[in-house]
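Structure first, commentary second.
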Amino acid sequence: MARTGRKIANGDWFSQMKEHFQRGRFRASAQYYDDAIREGQRPEVDAILLRARLFLKTDNEKLTSFLLRSKLVNPSEIQIARRALYLGTSYTRLGDFAEADKYFADAKAAMKTGAIRAELAAHLTRRYLAQRDIESAQEWQRESLVDRSLVGKVRSEHLQSYIFARTEAYKDQALSLVRVLDLIGEKRENFVEDYCVATYTLSVLARELPVPSLARRAKSEIDSAFAWPEDFKTYRFQALKGVAWCQALSGDELSCLRYLRLAGHIAPHPVWQVVLFCDRAYFASIVGEERWAANEFSAAEELADSIEWQQTSGEERVALLLLAELAASQAPKRAPYYLARFNELGRLRSHLQHLAFDERLTAMVAYASGVVSASAGDIPKAQEHLRSAWSTFDRISYDVRAARAAIALYRATDKARWLHLAEDKLENYGHSWLLKTLIASSSAVGSKKIELPKMQNQVVQLVCRGLSTDLIAAHLNISRNTVLNHLKAVYKKLGVNSREALVVKVMSDGLI
């Protein structure tokens, strides 16, 4: 917020502070408080508590010291309880659950009924989710339902979506977010934070889950006339990217490019611009524009060199994984550097980032590691990483990422099984570039004739005609043991261990 250069009355600045808070303009709201304190104003208790809520949203590390040093003059019982509530949440985010529970116990003593109890329940739901105590989180989420106002319903449903996320029920999470948006309806201005978070999260999930209706809903929300506050620029940026890739997966690559361009106009930080360069490089590759792809990758690398990566704490670090994946094909010698750079940064620290609490990021790292290992020729390590990525993405129904892992495994192993698994995962993406990649890879499988020596080839053909070992030996005028030795060699080459499997392999893949 630009300073006005004039002092403002206590009531005026607090009214403005509340107004900006309601509209999701958190930094501007905080600036009103900070300017007032700098000008010598004495804040009322409600102003102090609102500033604490703003720290919860923008800078949790400062919240604890702020509340501990702020003196509440003649506070009511509920105001004291709210102070304890915010301190409990602050210590939760710091990972000190024992200290957090001391403050939560004080809050519970005063916040016993009605909407105030629901407010407590919301904080405790998040507290137990942070500790991965799903049962306790669900109990408190149910208690939050005591507030049957629209505010209470939106809050309770959003809490339920967080529980689904922690239990890896991502389709249920997406459907819960749709319910949040349905509840909000046209009242977006009254639910700015809930609306922006729900739309962003839905857009990210829609690009991962094989549910076309989710992609359509995400697009309709991001296309609405709602003006996203500056504080939620990162969320809107990622929502636009999510919708862009939803469009590409439906076969509308031109629309994908349009949404990527819209995202480019609002990239909130250079690190997100790196992400966008990587996205455009990948997009250029899938439409066959390799020179364009190389230029975008080069721009991403140049910008990445200027980033202070140690200062990052959230999902923006994924830019390094994207760089590693792109470098695997564009500049293989540099790919391990980006992967190592990511790994040395350690765990994500942002309490707002869902990827910091589950296995999705681990799977993304495994996929990037597998691609990099494959480009370096370390096939055993590539298989290990890619199988790990596949396992997670398959389990959580992230079908697009599972398909990409399966295709990468085929390229690393030449085993057609992985192409069949990828085909299953892409059943709902019949117009996507990934299906085209799969078809091309399938054609390659069919064209790979196994070169067998003449005698082995003859043995295989006679096996396929149903002849026994003795009849094959008589037909070719060789010993029975020689036939068995030829079969053993063929089994090894084709990856089978019985006559029946050999026949199926030969007939289904057209190998001879």
> Donor-acceptor pair, Q141 side chain versus S156 backbone, under 3.5 Å?
Replying inline: yes

> For L339, does its backbone N or O pair with a side-chain atom of N343 as donor and acceptor, under 3.5 Å?
Replying inline: yes

> Does the side chain of W433 come within less than 4.5 Å of L249's, by heavy atoms?
Replying inline: yes

>> Set out, in order, the CA-CA distance, both residues' side-chain angles and the distance that settles side-chain contact (heavy atoms from CB on, under 4.5 Å) for S203 and K241, then state yes or no.
In response: CA-CA 8 Å; S203 300; K241 283 194 338 91; over 6 Å; no

> Between E19 and R23, does at least one N-O distance fall below 4.0 Å, as a salt bridge requires?
Replying inline: yes

>> Side chains of Y200 and W228 only: does a donor on one sit below 3.5 Å from an acceptor on the other?
In response: no

>> Regarding Q173 and Y162, do their side chains bring together a donor and an acceptor under 3.5 Å, going by distance alone?
In response: no

>> Just checking W13 against Y32, ring centres under 6.0 Å apart?
In response: no

> Should the heavy atoms of other residues, nucleotides or ligands under 6.0 Å from CZ of R395 be counted, would the total exceed 12?
Replying inline: yes

>> Taking A165's backbone N and O only, do any of them form a donor-acceptor pair with E168's side chain (distance below 3.5 Å, no angle check)?
In response: no

>> Between S90 (side chain only) and Y86 (backbone N and O only), is there a donor and an acceptor less than 3.5 Å apart?
In response: no

>> With a 3.5 Å distance limit and no angle check, can you tell me whether S285 reaches the backbone of A281 through a side-chain donor-acceptor pair?
In response: yes

> Does the ring center of F26 lie less than 6.0 Å from the ring center of F21?
Replying inline: yes

>> Using a 3.5 Å distance criterion without hydrogens, assess whether the side chain of S369 forms a donor-acceptor pair with backbone atoms of V365.
In response: yes

>> So does F14 get a backbone contact from the side chain of Q16, meaning a donor-acceptor N/O pair under 3.5 Å?
In response: no

> Distance only, no hydrogens: is a donor on one side chain within 3.5 Å (strictly under) of an acceptor on the other, for S250 and D252?
Replying inline: no

> CD of E344: more than 12 outside heavy atoms within 6.0 angstrom?
Replying inline: yes

> Got a sec, which pairs hit salt bridge (Lys or Arg N to Asp or Glu O under 4.0 Å) with one end in residues 102-111, sequence neighbours left out?
Replying inline: E99-K102

>> Are Y367 and H385, when compared by the centres of their aromatic rings, separated by less than 6.0 Å?
In response: no

> Would you call the rings of W245 and Y282 parallel, tilted or perpendicular, where under 30° means parallel and over 60° means perpendicular?
Replying inline: tilted

> Does K233 NZ have over 12 foreign heavy atoms under 6.0 Å away?
Replying inline: yes

> Checking Q22 side chain against N190 main chain: does a donor-acceptor pair fall under 3.5 Å?
Replying inline: yes

> Got a salt bridge between D231 and R25, using NZ or NE/NH1/NH2 to carboxylate O under 4.0 Å?
Replying inline: no

> Got a donor-acceptor contact below 3.5 angstrom from the R401 side chain to the F393 backbone?
Replying inline: no

> Is the gap between the ring centers of F164 and Y170 under 6.0 Å?
Replying inline: no

>> Using side chain to side chain donor-acceptor pair (under 3.5 Å), reason through E157 and S176 one step at a time and then give a plain yes or no.
In response: CA-CA 7 Å; E157 190 62 59; S176 181; 2.5 Å; yes

>> Determine whether a donor-acceptor pair (N or O, by modelled atom type, separation under 3.5 Å) exists between the side chain of R317 and the backbone of G346.
In response: yes

>> Restricting to side chain to side chain donor-acceptor pair (under 3.5 Å), what partner residues turn up for E119, sequence neighbours left out?
In response: R82

> Under the side chain to side chain donor-acceptor pair (under 3.5 Å) test, which residues partner D101, sequence neighbours left out?
Replying inline: R127

